[in-house]
Participant: 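Quick one: the structure is below, and I'll ask about it shortly.
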Protein chains: 2
Amino acid sequence: MSDQPTSKRRRPQQARSQQRVEHILGTAAGLFAEQGYEAVSTNHIARAACVSIGSLYQFFPNKEAILDALVDKYLNDMQEALIGRIEEAPSLEDAVQRIVQGMQRFGKSHKAFKHVFAEVQLAAVTDRIHTTVVGWIEAMLGEHYPQLAPEQCHAGAEVSLCIVKGMMLVYDRPTGLTREQLSAEMQAALLAYIHDLVRRNGITPGA
Amino acid sequence: MSDQPTSKRRRPQQARSQQRVEHILGTAAGLFAEQGYEAVSTNHIARAACVSIGSLYQFFPNKEAILDALVDKYLNDMQEALIGRIEEAPSLEDAVQRIVQGMQRFGKSHKAFKHVFAEVQLAAVTDRIHTTVVGWIEAMLGEHYPQLAPEQCHAGAEVSLCIVKGMMLVYDRPTGLTREQLSAEMQAALLAYIHDLVRRNGITPGA
DNA sequence: TTGAAATATGAGCAATTACTCGTATTATAA
DNA sequence: TTATAATACGAGTAATTGCTCATATTTCAA
């Protein structure tokens, strides 16, 4: 996603510094997840990672660069964890299940992601993720329903992502439902919408 | 929602100070909407409202109290703007339309609300809103489908709110869809899910 | 008219913010 | 072994944060 330096700063060249950068990122992810991006300071991150503030700024030109690096990582991880599996899905129902469960797993193991993804004021960063994921869903819809016009695919993808986003906001809230129930309901909601979409466009839903 | 003092601070008693408090709240709402809660300082609010920082702290014991007061106001406004209309809705389809359009209107005229509602890290405040709104939707479902078990109503309400929340996150994003299209799609999504829910529970959807 | 309560003011405080820079410690290639 | 580049360090900077408090002004009942 970015091979040139993320920053004007030095890129880590020796093994120890590469490990350090990884470690800083991991620590930052944890803190962001717990307290949110704005509430976490760079000094805070450095202290928690047992790294001097100077070392942190050796590799990250500013606070936002840390978040950017995290987002790069997340988009890559998501691509691996989700997209491969979605393309292999034999049916739309299967694809929907993989999306919902994949997102759930991903949100669980990368809690900071949920913040970044849902936080409204980090518009630039959020946009990158949003656009990327909409593209994936759009492609999936187009593949399963070639008769669907491109604009319809796009609209469907935007709305589907709405649903998935709302879903992620609610996963760690005490809803009275188990994760499995929530997951099942969200799959049902997504499928119900998609089936409705294609039906409205005069296509008989497959399977 | 709270008649006793919001704070340990003086309650405004004279007309001029009541106006001032209103004005501070309005200004804060605007700033929160533009920049998010964390990014806006109390000094900032005071300056923008043309009020000294001391006056601000005369009526609000701390920054959070400003947000709390806003949420009180929003929940009241929402109750008036939405709930009355929902209870009068002749059909579920109509109720869904009123919810989606009401939320949209509300998000438009109270932009700060969107932030507060969706922001993950303001857990306490967000919870109040979430719980309140889930209750409303739950009641609506129970009324339109008396055969639906209370847990089913609750589950349905939680998932429906997920969808509405995701919706609010996306309204002012360049999606390539007009507001009307988005609104229509979201109504369709909500209805598709609810119809699916009652169908799965062996009830033939009305109308 | 008077005086006490309500309201208004903003300089200023301690704490924290994102970030710099001079210096010290490593690693590596010659 | 040595010299140069890479890495590490953390005291220190200016700016900003949420918030206080002594003082000044306004309101209104008596």
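Here the structure is a predicted model, which is why all the values come from computation and not from measurement. All chains are named by letter (A, B, ...) in the order of the sequence lines, taking the proteins before the strands, and each is independently numbered beginning at 1. As a basis for the values below, the full set of heavy atoms in this structure was taken, side chains included, without hydrogen atoms, waters or symmetry mates.
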Participant: Among residues two or more places apart or on two chains, list those pairs meeting salt bridge (charged side-chain N to carboxylate O under 4.0 Å, His left out) that have a residue in residues 181-198 of chain B.
Facilitator: Arg200(A)-Glu185(B), Asp196(B)-Arg200(B)

Participant: Give a yes/no answer on whether the side chain of Gln13(A) brings an N or O atom under 4.0 Å of OP1 or OP2 in dA6(D).
Facilitator: yes

Participant: Please list, chain by chain and in numerical order, all residues satisfying side chain to side chain contact (heavy atoms under 4.5 Å, CB included) with Ala46(B), sequence neighbours excluded.
Facilitator: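 Partners of Ala46(B) under the side chain to side chain contact (heavy atoms under 4.5 Å, CB included) test: Ile53(B), Leu56(B).
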
Participant: Show me the donor-acceptor pairs within less than 3.5 Å that the side chains of residues 21-32 of chain A make with the rest of the protein, sequence neighbours left out.
Facilitator:
unit_1, atom_1, unit_2, atom_2, d
His23(A), ND1, Ala49(A), O, 3.4
Thr27(A), OG1, His23(A), O, 2.8

Participant: Using only heavy-atom distances, determine whether the side chains of His144(A) and Glu93(A) contain a donor-acceptor pair under 3.5 Å.
Facilitator: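 No donor-acceptor contact under 3.5 Å links the two side chains.
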
Participant: Please work out which residues in residues 15-26 of chain A have a non-hydrogen atom less than 4.0 Å from an atom of DNA chain C and list them by number.
Facilitator: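 Of all residues in residues 15-26 of chain A, the ones placing a heavy atom under 4.0 Å from DNA chain C are Arg16(A).
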
Participant: In chain order, what residues pass the side chain to side chain donor-acceptor pair (under 3.5 Å) check against Ser52(A), with sequence neighbours excluded?
Facilitator: Ser55(A)

Participant: How does each nucleotide of nucleotides 10-23 of chain C score, in 5' to 3' order, for protein heavy atoms under 4.0 Å: base (B), sugar-phosphate only (S), or none (-)?
Facilitator: BB-----SBBB---

Participant: Among all residues two or more places apart in sequence or in another chain, which pass the side chain to side chain contact (heavy atoms under 4.5 Å, CB included) test with Gln18(B)?
Facilitator: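 So Gln18(B) forms a side chain to side chain contact (heavy atoms under 4.5 Å, CB included) with Pro12(B).
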
Participant: By side chain to side chain donor-acceptor pair (under 3.5 Å), which residues pair with Thr42(B), not counting sequence neighbours?
Facilitator: Tyr57(B)

Participant: Checking Asp94(A) now: which residues fulfil side chain to side chain donor-acceptor pair (under 3.5 Å) with it, not counting sequence neighbours?
Facilitator: Arg98(A)

